[in-house]
Enquirer: 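There's a structure below that I have some questions on.
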Amino acid sequence: NKGSWTALLRRCGLDWSRAAKSLGLTPPGVRGECCAEARAARFRAPVEMWKGADRVATWVKALRTTKSEGNSSIFSSKYGAAQKAAVTPGLLYEFPWEPLGGAKYVLFLPFLYIIAAGLDDSDSWAFHMMGIVALRYLQAQFWHFISRNHAISGKTRVQARLVDFAQVDREANWDDYIILQLYVATAVHMLPWLYCYQGTCYGYRDFPMFHGKGLLQLLLIHAGPTELIYYWLHRALHGHSLYAKYHSHHHASFVTEPISGSAHPFMEHLMYTINFAIPLVGTWLVGGASITMLYTYLLGFDLMNIIGHCNFEIFPVWFFKAFPFMKYLIYTPSFHSLHHSRVHTNFCLFMPIYDYLGGTLDAKSWDLYFKAAEGTAVPERAPDAIFLGHGMDVLSVFHLPFLSRSFSAKPYKTQPWMYVLWPLALNLLIAMRVFVGKVFVSDKHRLGKLELQTWVTPACAIEFFFKGQWTRINSYIEDAIVKADKAGVKVFGLGALNKNEALNGGGALFVKNNPHLKMRVVHGNTLTAAAVLQKIPAGTKAAFILGATSKLGRAISLYLAVRGVKCTLLTLSKERFDKVVEDCPKEFRGNLVRTEKISDGSSVRTWVVGRFLTNKEQENAPGGTTFHQFVVPMLPEVRRDCNYTNMPAFKLPVEAQGFKSCEMTMDRRHVHACHAGALVHALEGWENHEVGPIDWERIDAVWLAARKNGFELVSDEPWIQLSSGSKSPSGSMGSSCMEENN
């Protein structure tokens, strides 16, 4: 919004009149000068650093500008392609192997071949290099897990803003530096000599395994030349030319994650690699090199880089109170976070003493540290709404946001190669069952003023179909509901099989067991029914309904029958059919017909499917049939002469923030209709529970509320723009009926 961009521009000290013109905003009565805070003498930031205000303003504008072919920003992409986030990308911006995409990992194969073929040298160089590579990945994964695991890191967060898909894509090639440094180090190692002295030439080889004095030399050389060079290089990168061409890529991430510290363009990494090689080569020159030195420096460097970007405070308050001099020697996550939020302060690599000496220390550094360490920088509070999901299969455990950054940012789909990881996935699930043993927080989001969370039941879909597991699963869910209610949550949405009718009566069991709940339990299926109905064309005269006596099938049947649609309900239970008929107004009961034969649908082209159909059963549908689905899993699309609708789902409103992972098989920023239903319930402030049978008479009201709040149905048909500004399939049954109601 305008206020946020105004604050950002003023914080950066930009000339408002120029920036406002570039952004197309009307100046809200602010002075067209750098804010006093940005010009404060204590920061002593070079004036020339921000002479490129127009370039940065153009960059900010680019963040808001949409592409002509869609509504994606310049940073968005189709699942994970690295993005050029610099203002004006310069020479050698991309890594040489970027065109390879995921195939870049073949660059590790020569080293693996050397190891496997027994061709390694006397230093076992290839073996140790690949060992370091593996440990670098493992360390990054470990800190990614901790950083995104809210139970571990949620209490000492530094910044409240959230990560989104654009940042995930922008940092997709975070590990390119590992490949670069692997090949640079190997090239140096393979040189016949690195220097000669008194007629003797020396190469970067023949290392002992350990040299204790050398590790101290390594530390001193890093603390001296490397830290000093980095400090001034970093300040130079904030000059308008280098910043626009390279370093703005890194600073596009306002809120950082552990791997954000290595997300830089190729040219920038070349500069860093040369500087960071000084301790390794310098220690070798003074005779202190060892294999342990390589492991210590490369892994230790990564660790410090990760700490500075993890966005949660790890150093306890007592540490700096007991050792006050350490505040000059080691930075904290909050210290470096200020560099990303305020840009022109805290330039050091790992040692704040250089900012003290250079006059660029942010005066708020230690205030923010104490607030974050004490848990007051981003105070924890109960979310307004929770949505409870569960796993699909064993391998879906890898789709959790804190287990895989890139995989969770794509719709879940099992690939054949993933079955190699099945034993690991199974062990992870067992560990969750044993050591967690309860519903856990998967992710946090924001929608307008609402704080949202996604929780997960530690169970796979197949477990919900075993009656012996029902007591355990219901206890998980009920404990979570009671906990959320005590915390002050307003709406608790039940997703997928967590609200299975046989399991807990669509959530009614929990309301019955806890009659004094202040929080509202919502299955969200009213909006799911509306989503299915929206795709049924206006003018439909007959519908063949399978799964007709389920919650959704019943509501859809009643809704259509009242609107004059002849509904044939396929069910073996006359008792359940009679209950549906009883709920229908008398004058429309004739529109409900029961059948036990699927062949009776052979003359109907509108099939509403709430149970799985085999390929043979699908053959009963006439050509041109549309299968309107609310069945999980989706039907195999075996009939080329028929149409298949997608899972009922909605696109999130534009103001939704912090969505960085896909909701299982959903596309980015799409959520299941029941999830959207829970969010609408919270946005509208409705006081009723939505459990048990669907109130089919509220379908129109819930649909209109979803439209009003900016939810857009994910459609299988061309869209038209309605006068209300929201979108709906052209001539749908639901929309036409609701137009009449209006």
Side-chain angles (χ1 to χ4, degrees), residues 526 528-571 574 576-611 613 617-631 635 637 639-646 648 694 696-700 703-704 713 715-720 722 728-742:
T526 307
T528 305
V532 174
L533 289 163
Q534 283 295 309
K535 296 182 181 182
I536 298 177
T540 297
K541 301 300 182 183
F544 190 65
I545 304 177
L546 302 94
T549 59
S550 65
K551 291 196 304 292
L552 277 165
R554 167 190 166 278
I556 291 169
S557 299
L558 292 171
Y559 187 97
L560 292 174
V562 168
R563 283 150 181 81
V565 179
K566 194 76 171 181
C567 299
T568 302
L569 281 63
L570 179 65
T571 176
K574 186 176 184 302
R576 290 173 66 89
F577 172 77
D578 289 341
K579 289 182 179 179
V580 175
V581 173
E582 287 178 13
D583 292 336
C584 185
K586 291 182 180 180
E587 61 270 31
F588 300 109
R589 290 179 179 176
N591 289 330
L592 297 173
V593 179
R594 173 177 170 267
T595 182
E596 296 183 3
K597 299 178 180 179
I598 196 169
S599 58
D600 287 344
S602 60
S603 61
V604 183
R605 285 189 168 85
T606 298
W607 283 38
V608 181
V609 184
R611 72 164 178 82
L613 292 178
E617 287 177 320
Q618 290 188 41
E619 292 176 2
N620 289 279
T625 293
T626 297
F627 294 98
H628 298 273
Q629 305 183 68
F630 60 94
V631 59
L635 299 180
E637 298 184 9
R639 291 286 301 273
R640 294 188 176 183
D641 59 337
C642 296
N643 301 311
Y644 297 79
T645 64
N646 292 334
I694 297 171
W696 62 272
E697 293 180 310
R698 282 188 51 79
I699 289 177
D700 291 357
W703 167 256
L704 292 173
L713 181 66
S715 178
D716 317 288
E717 306 175 56
W719 291 92
I720 62 168
L722 300 180
S728 179
S730 177
S732 66
M733 170 63 70
S735 64
S736 64
C737 293
M738 282 179 274
E739 293 294 335
E740 294 172 7
N741 290 344
N742 289 339

Enquirer: According to the interplanar angle, ranging from 0 to 90°, do the rings of W607 and F544 count as parallel (below 30°), tilted (30 to 60°) or perpendicular (above 60°)?
Expert: tilted
Enquirer: Could you check if a side-chain atom of V608 sits within less than 4.5 angstrom of a side-chain atom of F630, using non-hydrogen atoms only?
Expert: yes
Enquirer: For A548, does its backbone N or O pair with a side-chain atom of R576 as donor and acceptor, under 3.5 Å?
Expert: no
Enquirer: Looking at side-chain heavy atoms only, is the closest gap between R611 and L570 below 4.5 Å?
Expert: yes
Enquirer: Quick one: are L560 and I536 in side-chain contact, heavy atoms under 4.5 Å?
Expert: yes
Enquirer: Any sub-3.5 Å donor-acceptor pair from Y559's side-chain atoms to D700's backbone N or O?
Expert: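 Judged by distance alone, no pair lies under 3.5 Å.
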Enquirer: Could you pull out the closest heavy-atom pair between G610 and V631, with the gap in Å?
Expert: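 Minimum heavy-atom contact is C-CB, 4.0 Å.
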Enquirer: Would the distance check show the side chain of T645 and the main-chain N or O of F627 forming a donor-acceptor pair, the cut-off being under 3.5 Å?
Expert: yes
Enquirer: Specify the closest pair of heavy atoms between A542 and T606, including all atoms of both residues, with the distance to one decimal.
Expert: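 So the two residues come closest at O-CB, 3.6 Å.
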Enquirer: Rounded at 0.5 Å granularity, tell me how far CZ in R605 sits from NZ in K541.
Expert: 15.5 Å
Enquirer: Working note: F588 + R563, criterion side chain to side chain contact (heavy atoms under 4.5 Å, CB included); need CA distance, chi angles, decisive distance, verdict.
Expert: CA-CA 8 Å; F588 300 109; R563 283 150 181 81; over 6 Å; no
Enquirer: Taking atom OG1 of T568 and atom NZ of K597, what is their separation to the nearest 0.5 Å?
Expert: 13.5 Å
Enquirer: Using every non-hydrogen atom in the two residues, find where G590 and K566 come nearest and quote the distance to one decimal.
Expert: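 Between these two residues, the closest heavy atoms are O-NZ, 2.9 Å.
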Enquirer: Determine, stepwise, if the pair N646 / K535 fulfils side chain to side chain contact (heavy atoms under 4.5 Å, CB included).
Expert: CA-CA 10 Å; N646 292 334; K535 296 182 181 182; 4.2 Å; yes
Enquirer: Just so I know, are the side chains of Q629 and L635 near enough to count as touching, which here means a heavy-atom distance under 4.5 Å?
Expert: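 Touching, per the 4.5 Å side-chain cut-off.
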Enquirer: What is the minimum heavy-atom distance between G601 and P622, and which atoms define it?
Expert: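 Distance-wise, the nearest heavy atoms are O-CD, 3.6 Å.
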Enquirer: Check whether any side-chain heavy atom of N591 sits under 4.5 Å from a side-chain heavy atom of C567, and report yes or no.
Expert: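 They are not in contact (no side-chain heavy atoms under 4.5 Å apart), so the answer is no.
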Enquirer: Between D583 and K579, does the salt bridge (Lys or Arg N to Asp or Glu O under 4.0 Å) criterion hold? Intermediate values first, please.
Expert: CA-CA 6 Å; D583 292 336; K579 289 182 179 179; over 6 Å; no
Enquirer: Is there a donor-acceptor contact under 3.5 Å from the side chain of R594 to the main chain of F577?
Expert: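 No: the side chain of R594 does not pair with the backbone of F577.
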Enquirer: To the closest 0.5 Å, what do you measure between CG (L552) and CD1 (I694)?
Expert: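 Separation between the atoms: 4.0 Å.
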Enquirer: State, with a plain yes or no, whether a side-chain heavy atom of L592 is found less than 4.5 Å away from one of L558.
Expert: yes
Enquirer: Do L613 and I598 have side chains that approach each other closer than 4.5 Å (heavy atoms only, starting at C-beta)?
Expert: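 Heavy-atom side-chain distance check passes, below 4.5 Å.
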Enquirer: At their closest point, which heavy atom of S557 faces which heavy atom of I545, and how far apart are they?
Expert: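 The answer is OG-CD1, 3.2 Å.
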Enquirer: Which value, rounded to the nearest 0.5 Å, describes the distance between L546 atom CG and T595 atom OG1?
Expert: 10.0 Å
Enquirer: Just how far is it from atom OG1 of T626 to atom CZ of R639, taken to the nearest 0.5 Å?
Expert: 11.5 Å
Enquirer: Can you name the closest pair of heavy atoms from R589 and V581 and give their distance?
Expert: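 Smallest interatomic distance, heavy atoms only, reads NE-O, 3.1 Å.
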Enquirer: Is any side-chain heavy atom of Q618 less than 4.5 Å from a side-chain heavy atom of T625?
Expert: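 No, too far: nothing below the 4.5 Å cut-off.
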